[in-house]
Undergrad: 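Pasting a structure here, questions to come.
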Amino acid sequence: MNTVWKIFLSMSCSGGLLTLALLLGKRCLGNAVSRQWRYYIWFIVLLRLLLPFGPEVSLLGSTYRAMDQAITQAPSPPPQSAPDISEDELTPAVGAERADENRQAETWTAVQPLRDIGELLLHQIWLVWLVAALGLLIRKITIYQGFIRYVKAGMTPVSDIEKLDQLSAAAERAGVGKPVELCVNPLISSPLLIGAFRPCVVLPRADIPEKEFWYIALHELTHYKRRDMFYKWLVQVTVCLHWFNPLVYLMSREITRACEFSCDEAVLTKMGCDNAQDYGKTLLNAMAAVGKYKESVGAVTLSENKQLLKERLGAIMSFKKKSKAIRLLTGMLTLCVIFSAAFVGVYSTAAAADVPNTVNAVKKIMGLFGIAKYDNFVYPKETTASIENNSSEIERYYKAGSLPLFEIAFPRLDENTQKMWLERLYADGDFAFFSVAVRGIDTDSSLFADFAEKAYTDEEMAFFSIFTDRMDKARLELWLDRALEDENWAFQSILFDRLNRRGEFDELKEKQEKEWAEAQMAEYRAVGVTMDGKDYYYKGQLVNIFLDIRPNKAFYALNMNPKGTVNIRIIRSNDNVITGVAYMTEAEVKELLEEDGSDDEMEVIPVKFKTVEAGKTICLGEYTLSSGDTIWYDVSAETGNGMQVFFTKKDLADVVYWSVRNLRQPGEVLKCTADFTVGPPVTEPGSYKRFLRAVDGPLGDVTGSITIEFTGAA
């Protein structure tokens with residue numbers, strides 16, 4: 001554990017002790033001291049948590065020094081007295097000493113992986129702390145930004161001259177010299193202040209009585225004058241940095257409560273005690289007009305919640321100015337808190353300089369448990385025996401499923417053993433261990449080239465992708481040229497992605513598919529089958545089931561249109577050439593539907609409307625859907641600019657599912673066509689309503705169908 005991390009932990013401990021002391025003092029002092037003092041005294045705790053200040057001699061500094069010395073000065077096992085050794089006994093003694101050293105080396109080899117993991121965790125724990133702290137801070141900022149966008153999107157400026165004049169007077173009374181804006185947003189819970197540099201008071205409604213508006217404006221502008229918004233964000237940053245300390249969350253809650261109490265006290269100090277009752281009524285009226293959106297952590301509001309409101313009303317009604325004796329007491333208490341913060345202190349760098357490094361401390365501790373005499377150890381050299389030991393170790397790591405240890409040990413193997421392991425992992429289909437093994441070999445080695453070739457030849461895309469992660473641009477280009485020559489679309493996709501040229505692949509694939517579709521349609525036309533969009537026709541009749549099977553029995557094309565009247569299949573020769581068309585028998589249709597699982601219940605819902613008014617949404621029925629059910633849309637409009645087909649759980653205010661929304665493109669039919677499968681994680685089984693909406697002007701001659709295939713799955 002490095003010194004910086006020790007200092008930070010000591011800061012967290014110091015702040016936690018001060019937090020406990022202030023919470024205890026709050027119970028003891030009661031209402032003797034002012035609310036504003038209770039609010040600002042927490043600033044000292046924040047400084048204790050954020051700044052590593054303190055004297056060289058402090059409570060935590062001495063504690064850490066004592067712990068370090070206890071570790072590093074731990075007594076080693078007592079040395080054994082050396083007996084008198086004659087010349088005849090010298091050789092056996094030397095042999096025994098070497099045997100002892102060999103046993104120590106074996107013990108070191110056995111505990112080496114544990115030592116490596118332990119030191120890695122100790123030295124990298126700060127990284128876990130930092131990632132968590134940054135994640136929490138980013139989340140809080142994102143939530144606050146979303147809240148501000150919500151408030152600004154729904155607020156409208158107030159143009160009432162009298163209200164604006166009252167706001168200016170309140171700003172002057174509060175000591176705010178900057179221009180202050182006034183807006184209304186009916187969805188907020190209570191009056192609030194936004195804008196750290198351009199203050200704006202936002203009200204839930206505009207028709208607030210004059211006296212109440214005066215108190216509200218003065219309250220919010222007092223928040224701005226005292227920079228409470230910055231204070232709150234300093235607290236949030238502290239919470240993020242000390243996310244592992246539960247006492248910091250108690251501190252945050254207390255500061256949030258004290259903020260409103262102290263602001264009430266500051267307002268009444270300006271207005272006088274005689275206005276306490278009217279000010280309390282203003283708080284009650286604010287709570288009665290609760291909106292739909294809860295304020296974010298960074299906002300400063302007039303009212304937080306009902307429980308806090310009750311306490312605030314009690315404090316307001318009992319408000320009176322503090323005497324000189326109380327002010328003297330609070331001054332003395334402030335000095336006590338400052339001296340306490342300094343006395344608790346932090347882990348000092350001077351203390352760190354007095355102790356050996358972490359590795360020596362760990363050696364001492366392990367020596368106490370009799371694991372080995374580490375003071376006499378040296379790392380064994382890489383010999384043939386150690387290489388064989390690595391082979392046995394890596395086998396053990398693989399069976400235990402330990403990827404980190406396997407990755408550490410793999411580069412220590414000789415090339416032949418590495419090849420053996422790559423072949424084994426490839427045969428086992430173990431992508432995770434194969435990936436870490438590939439990271440342990442040189443990209444210029446024959447192993448890298450041979451196994452990349454093997455993965456490409458075997459069309460193992462997952463294994464090949466592992467190699468592309470380590471290829472440079474020149475090598476990726478060579479492989480791409482080969483994949484293009486072989487017309488291997490799957491590997492082209494991987495290589496285009498690695499080269500950040502996905503757009504080129506999409507264009508190439510679209511062109512190829514278009515050419516293939518045109519050639520296929522020409523073959524179908526030659527035997528009397530035509531297409532109109534996705535519909536197949538044979539001898540002027542709409543096809544219900546269209547089946548085209550390769551000679552190897554793999555599906556080549558299958559299309560089903562419930563509105564069709566005939567079922568046909570394409571006849572192909574052994575060399576895959578189309579030779580004709582045949583009508584499918586009832587037995588063939590039944591067999592196909594059973595194989596395809598299409599013998600489930602299917603409902604076709606026709607859609608036909610002469611007109612649909614602009615913006616109108618029409619309910620097309622309610623259905624109970626299960627996991628695995630399939631939904632097909634095939635709806636078009638002769639006139640109109642935009643159309644949407646979708647489902648919801650209950651009504652239009654709910655989340656939209658399986659939605660298709662299209663706008664008319666020049667020269668194209670306005671059409672919604674798609675298919676969906678019901679099931680998690682997107683949706684759950686249940687009852688859903690289906691709707692059709694005219695999204696951009698009226699629709700005319702809306703026709704088509706929506707088909708639901710019910711699997712009956714739960």
Side-chain angles (χ1 to χ4, degrees), residues 530-546 558-567 593 598 600-679 682-712:
T530 58
M531 293 183 64
D532 181 9
K534 292 186 177 181
D535 298 331
Y536 288 83
Y537 289 86
Y538 181 62
K539 294 183 178 180
Q541 291 180 296
L542 181 62
V543 176
N544 176 22
I545 297 178
F546 174 84
L558 172 63
N559 185 73
M560 302 177 67
N561 188 338
K563 295 184 293 183
T565 57
V566 295
N567 303 319
L593 295 180
S598 300
D600 302 310
E601 181 184 350
M602 182 179 293
E603 182 173 351
V604 180
I605 303 98
V607 178
K608 189 173 183 179
F609 298 98
K610 188 65 177 177
T611 58
V612 180
E613 297 177 6
K616 186 175 182 179
T617 303
I618 300 174
C619 181
L620 302 177
E622 185 171 358
Y623 304 90
T624 300
L625 302 177
S626 304
S627 293
D629 289 352
T630 306
I631 302 168
W632 288 280
Y633 295 152
D634 186 8
V635 183
S636 59
E638 189 69 25
T639 61
N641 296 322
M643 177 172 57
Q644 182 182 15
V645 184
F646 60 94
F647 281 78
T648 66
K649 266 283 189 181
K650 295 180 180 179
D651 51 48
L652 291 175
D654 289 340
V655 177
V656 172
Y657 300 95
W658 312 300
S659 172
V660 177
R661 173 175 174 153
N662 281 341
L663 299 178
R664 184 183 297 278
Q665 302 299 321
E668 296 184 6
V669 178
L670 177 58
K671 199 170 188 179
C672 288
T673 57
D675 61 88
F676 302 93
T677 301
V678 179
V682 179
T683 53
E684 296 294 338
S687 180
Y688 293 86
K689 289 183 178 180
R690 188 189 61 225
F691 296 92
L692 183 144
R693 175 183 294 163
V695 296
D696 187 7
L699 298 175
D701 294 327
V702 180
T703 59
S705 65
I706 298 176
T707 304
I708 303 176
E709 181 183 2
F710 300 98
T711 64

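Remember, it's a predicted structure, so these values are computed and weren't measured experimentally. Start at 1 with the first residue, then count along the sequence.
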Undergrad: To the nearest 0.5 Å, tell me how far M560 CE sits from I545 CD1.
TA: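 Nearest 0.5 Å value for the CE-CD1 distance: 4.5 Å.
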Undergrad: Which atom pair, heavy atoms only, marks the closest approach of A637 to L699?
TA: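 So the minimum-distance heavy-atom pair works out to CB-CD2, 4.3 Å.
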Undergrad: Which residues pass the ring pair (Phe, Tyr, Trp, His ring centres under 6.0 Å) test with F647, sequence neighbours left out?
TA: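 Partners of F647 under the ring pair (Phe, Tyr, Trp, His ring centres under 6.0 Å) test: W658.
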Undergrad: Salt bridge (charged side-chain N to carboxylate O under 4.0 Å, His left out): which pairs involve residues 694-708, sequence neighbours left out?
TA: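 Listed once each, the pairs are K610-D701.
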Undergrad: Starting at OG1 of T611, measure out to NZ of K616 and round the result to the nearest 0.5 Å.
TA: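 These two atoms lie 8.0 Å from each other.
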Undergrad: I want to check something: taking the side chain as every heavy atom from C-beta on, are V607 and V645 in contact at a cut-off of under 4.5 Å?
TA: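 The answer is no; the side chains never approach within 4.5 Å.
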Undergrad: So which heavy atom on K649 is nearest to which on G686, and how close?
TA: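 Minimum heavy-atom separation between K649 and G686: NZ-CA, 4.0 Å.
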Undergrad: Looking only at heavy atoms, which two atoms of V702 and M643 are closest? And how far apart?
TA: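 Nearest heavy atoms, V702 then M643: CG1-SD, 4.3 Å.
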Undergrad: Within this structure, what is the OG1-CD distance for the pair T648 and E622, rounded to the nearest 0.5 Å?
TA: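 Those atoms lie 8.5 Å apart.
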Undergrad: Answer yes or no: is there a donor N or O on one side and an acceptor on the other, between the side chain of D634 and the main chain of G704, under 3.5 Å?
TA: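 Not at all, since once roles are kept as given, no pair shorter than 3.5 Å links the two residues.
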Undergrad: Between T703 and S636, does a side chain to side chain contact (heavy atoms under 4.5 Å, CB included) hold up when you go through it step by step?
TA: CA-CA 6 Å; T703 59; S636 59; 3.8 Å; yes
Undergrad: Can you tell if the side chain of V635 reaches within under 4.5 Å of the side chain of F609, non-hydrogen atoms only?
TA: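 Sidechains of F609 and V635: no contact.
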Undergrad: Heavy atoms only: give me the nearest T624-D629 pair and the separation to one decimal.
TA: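 Heavy atoms only, the tightest pair is O-OD2, 4.3 Å.
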Undergrad: At what distance, to the nearest 0.5 angstrom, does CG of N662 lie from CG of L670?
TA: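 Going from CG on N662 over to CG on L670, the span is 7.0 Å.
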Undergrad: Can you name the nearest heavy-atom pair linking G697 to A614, along with the distance?
TA: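 Looking at all heavy atoms of both residues, the shortest contact is C-CB, 3.5 Å.
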Undergrad: Does a side-chain heavy-atom distance below 4.5 Å link K539 with V566?
TA: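 Counting from C-beta outward, K539 and V566 never come under 4.5 Å.
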Undergrad: Under the side chain to side chain contact (heavy atoms under 4.5 Å, CB included) criterion, do L625 and I708 qualify, and how do the steps go?
TA: CA-CA 9 Å; L625 302 177; I708 303 176; 4.0 Å; yes
Undergrad: Find the distance between CG (N544) and OH (Y536) and round it off to the nearest 0.5 Å.
TA: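 Going from CG on N544 over to OH on Y536, the span is 13.5 Å.
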Undergrad: I'd like to know if the side chain of R693 and the backbone of Q644 have a donor-acceptor N/O pair within less than 3.5 Å.
TA: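 Not a single qualifying donor-acceptor pair exists.
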Undergrad: For the residue pair Y537 and L542, establish whether any side-chain heavy-atom pair is separated by less than 4.5 Å.
TA: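 Of all side-chain heavy-atom pairs linking L542 with Y537, at least one is under 4.5 Å.
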Undergrad: Going through the distances and angles, do N559 and V543 end up as a side chain to side chain contact (heavy atoms under 4.5 Å, CB included)?
TA: CA-CA 9 Å; N559 185 73; V543 176; over 6 Å; no
Undergrad: Please check if the distance between the ring centroids of F691 and F646 is under 6.0 Å.
TA: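 Centroid distance F691-F646: below 6.0 Å, so yes.
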Undergrad: Taking atom CD of E638 as the centre, does the number of heavy atoms from other residues, nucleotides or ligands within less than 6.0 Å exceed 12?
TA: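 12 or below, so no.
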Undergrad: Run the side chain to side chain contact (heavy atoms under 4.5 Å, CB included) check on V660 and F676 step by step: do they pass?
TA: CA-CA 10 Å; V660 177; F676 302 93; 3.7 Å; yes
Undergrad: Nearest heavy-atom pair of P562 and T707: which atoms, and what distance?
TA: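 Shortest heavy-atom contact: CG-OG1, 3.9 Å.
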Undergrad: Return the CZ to CG distance between R690 and L692, rounded to the nearest 0.5 Å.
TA: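 One gets 9.0 Å once the value is rounded to the nearest 0.5 Å.
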